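No experiment lies behind these values; they were computed from the predicted model shown.
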Amino acid sequence: MPELSIRTENLKKAFGRTQALQDVSFDFSAGLLHGLIGSNGAGKTTTMRLLAGLLKPSSGTINYFSGGHPAAFSDLRPGLAYMPQQASLYPDLSIEEHLEFFRDLYRLEPGEYARRSGELLEITRLAKFRERRAGQLSGGMYKKLGLMCALLRSPSVLLLDEPTNGVDPISRREFWELLYGLAAQKILILVSTAYMDEAERCSRVHLLDAGRLLASGEPRAVLKETGAASFEEIFIKQGERK
């Protein structure tokens, strides 16, 4: 499948009187690892759900591109995978049973499933735990299982909503190593996070605060442009302006 990219223009989303997003324009270029950075309530999850087609914008547009050409969301939807922040797995099902469930959901051919599941179990180091129930997994292993389920049908766009939230430092590092491996395959990856140190791990960052876009670009370029020594400083200065 050609590389996919997403752009939004003047995107707004309101929930009653609450403005979750206010005139936000993003450019999620193809084949890069993008970070959606912001604290709780910044609008990260709303953005993810809009891009995944789970919500409709109050106004503004979301444009999808395949190989640089405009494409309908319905045509690209099979190549888009979304991993929500909330626990979404079944605690009584094992790792292998989860993979088999998503195999049937995605209608994968036996040969493709065997190859893909084997690869994923290997790169996540979960092969020897395939019989363990999801409810008995550590936080890091649970997030890896969620990622495997999202990757089973080889998506071209991967939306991950705070995948490292509440995960121990070692598991966070391992999770990012997995993402780097996926990024090398030129998959468009969008990761939301409230951890400022993870911003510098991304190819591009998009800083959100209270539904507004503060800055976008390559991490070092954003720091230079804003005259800040760190991403924490950018948000602290923004808070002082309020």
For this session: Report the C-alpha separation of Leu33 and Tyr180 in whole Å, then their side-chain angles, then the decisive distance to 0.1 Å, and conclude whether the side-chain contact (heavy atoms from CB on, under 4.5 Å) test is met.
Result: CA-CA 8 Å; Leu33 200 167; Tyr180 289 146; 4.2 Å; yes
Which atom of [X] lies closest to which atom of [Y], heavy atoms considered:
{"X": "Leu159", "Y": "Met48", "result": "CB-SD, 3.7 Å"}
{"X": "Ser94", "Y": "Glu131", "result": "CB-O, 3.5 Å"}
{"X": "Ala30", "Y": "Ser5", "result": "N-CB, 3.6 Å"}
{"X": "Cys149", "Y": "Tyr106", "result": "O-OH, 3.2 Å"}
{"X": "Ala134", "Y": "Tyr142", "result": "O-CD1, 3.7 Å"}
{"X": "Arg49", "Y": "Tyr82", "result": "CG-OH, 3.7 Å"}

I'd like to check [X] versus [Y] (side-chain heavy atoms, cut-off strictly below 4.5 Å). Are they in contact?
{"X": "Met141", "Y": "Arg132", "result": "yes"}
{"X": "Leu213", "Y": "Leu207", "result": "no"}
{"X": "Val167", "Y": "Phe175", "result": "no"}
{"X": "Phe231", "Y": "Pro219", "result": "yes"}
{"X": "Thr8", "Y": "Thr61", "result": "no"}
{"X": "Lys13", "Y": "Pro57", "result": "no"}
{"X": "His98", "Y": "Leu89", "result": "yes"}
{"X": "Asn10", "Y": "Ser25", "result": "yes"}

Answer yes or no: are there more than 12 heavy-atom neighbours, outside [X] itself, under 6.0 Å from its atom [atom1]?
{"X": "Arg133", "atom1": "CZ", "value": "no"}
{"X": "Phe73", "atom1": "CZ", "value": "yes"}
{"X": "Arg153", "atom1": "CZ", "value": "yes"}

Ignoring hydrogens and angles, tell me if any N or O in the side chain of [X] forms a donor-acceptor pair with the backbone of [Y] under 3.5 Å.
{"X": "Gln185", "Y": "Ile187", "result": "no"}
{"X": "Thr226", "Y": "Leu223", "result": "yes"}
{"X": "Gln22", "Y": "Ala210", "result": "yes"}
{"X": "Thr124", "Y": "Leu120", "result": "yes"}
{"X": "Thr193", "Y": "Tyr195", "result": "yes"}

Report the distance from atom [atom1] of [X] to atom [atom2] of [Y], rounding to the nearest 0.5 Å.
{"X": "Ile123", "Y": "Glu177", "atom1": "CD1", "atom2": "CD", "value": "11.5 Å"}
{"X": "Ile234", "Y": "Glu225", "atom1": "CD1", "atom2": "CD", "value": "9.0 Å"}
{"X": "Leu4", "Y": "Leu158", "atom1": "CG", "atom2": "CG", "value": "12.0 Å"}
{"X": "Leu93", "Y": "Ile95", "atom1": "CG", "atom2": "CD1", "value": "11.5 Å"}
{"X": "Ser58", "Y": "Gln19", "atom1": "OG", "atom2": "CD", "value": "7.0 Å"}
{"X": "Leu214", "Y": "Ile37", "atom1": "CG", "atom2": "CD1", "value": "11.5 Å"}

If Ile, Leu, Val, Met, Phe, Trp and Tyr residues are connected whenever their side-chain heavy atoms lie under 4.5 Å apart, and connections chain through other members, are [X] and [Y] in the same group?
{"X": "Leu188", "Y": "Leu182", "result": "no"}
{"X": "Ile236", "Y": "Val205", "result": "no"}
{"X": "Phe65", "Y": "Ile189", "result": "no"}
{"X": "Leu32", "Y": "Ile62", "result": "no"}
{"X": "Met196", "Y": "Leu208", "result": "no"}

Problem set entry | Donor on one side chain, acceptor on other, Glu198 and Thr164, under 3.5 Å |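 Side chains of Glu198 and Thr164: pair found under 3.5 Å.
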Exercise. Is the cationic atom of Arg7 (NZ for Lys, CZ for Arg) positioned less than 6.0 Å from the six-membered ring centroid of Phe28 and within 45 degrees of its normal?
Worked result: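 Pair Arg7/Phe28 does not count as cation-pi.
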Problem set entry | Salt bridge Arg173-Asp168, side-chain N to carboxylate O under 4.0 Å | no
Exercise. Is the shortest side-chain N to carboxylate O distance from Lys44 to Glu162 below 4.0 Å?
Worked result: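 Yes, charged N to carboxylate O under 4.0 Å.
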Exercise. Got a sec, which pairs hit salt bridge (charged side-chain N to carboxylate O under 4.0 Å, His left out) with one end in residues 134-149, sequence neighbours left out?
Worked result: Lys144-Glu174
Exercise. Tell me the salt bridge (charged side-chain N to carboxylate O under 4.0 Å, His left out) pairs involving residues 97-115, sequence neighbours left out?
Worked result: Arg115-Glu119
Problem set entry | Stepwise side-chain contact (heavy atoms from CB on, under 4.5 Å) check, Leu108 with Leu152 | CA-CA 9 Å; Leu108 299 179; Leu152 197 55; 3.7 Å; yes
Problem set entry | Member of Asp27, Leu190, Leu51 meeting the side-chain contact (heavy atoms from CB on, under 4.5 Å) criterion with Ile6 | Leu51
For this session: Taking the six-membered ring for Trp and the single ring otherwise, decide whether the centroids of Phe26 and His34 are under 6.0 Å apart.
Result: no
Problem set entry | Aromatic ring proximity Tyr90/Phe101, centre distance under 6.0 Å |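 Ring centres of Phe101 and Tyr90 closer than 6.0 Å.
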Problem set entry | From CA spacing to verdict: side-chain hydrogen bond (donor to acceptor under 3.5 Å, both in side chains), Arg204, Ser216 | CA-CA 7 Å; Arg204 298 289 186 277; Ser216 283; over 6 Å; no
For this session: Start with the C-alpha gap between Ser138 and Phe129, add the side-chain angles, then the distance that decides, and say whether side-chain contact (heavy atoms from CB on, under 4.5 Å) holds.
Result: CA-CA 11 Å; Ser138 67; Phe129 303 105; over 6 Å; no
Exercise. So Leu145 and Met148, side-chain contact (heavy atoms from CB on, under 4.5 Å) or not? Walk me through it.
Worked result: CA-CA 5 Å; Leu145 174 55; Met148 279 201 299; 3.8 Å; yes
Exercise. Going through the distances and angles, do Glu218 and Ser203 end up as a side-chain hydrogen bond (donor to acceptor under 3.5 Å, both in side chains)?
Worked result: CA-CA 6 Å; Glu218 190 273 330; Ser203 303; over 6 Å; no
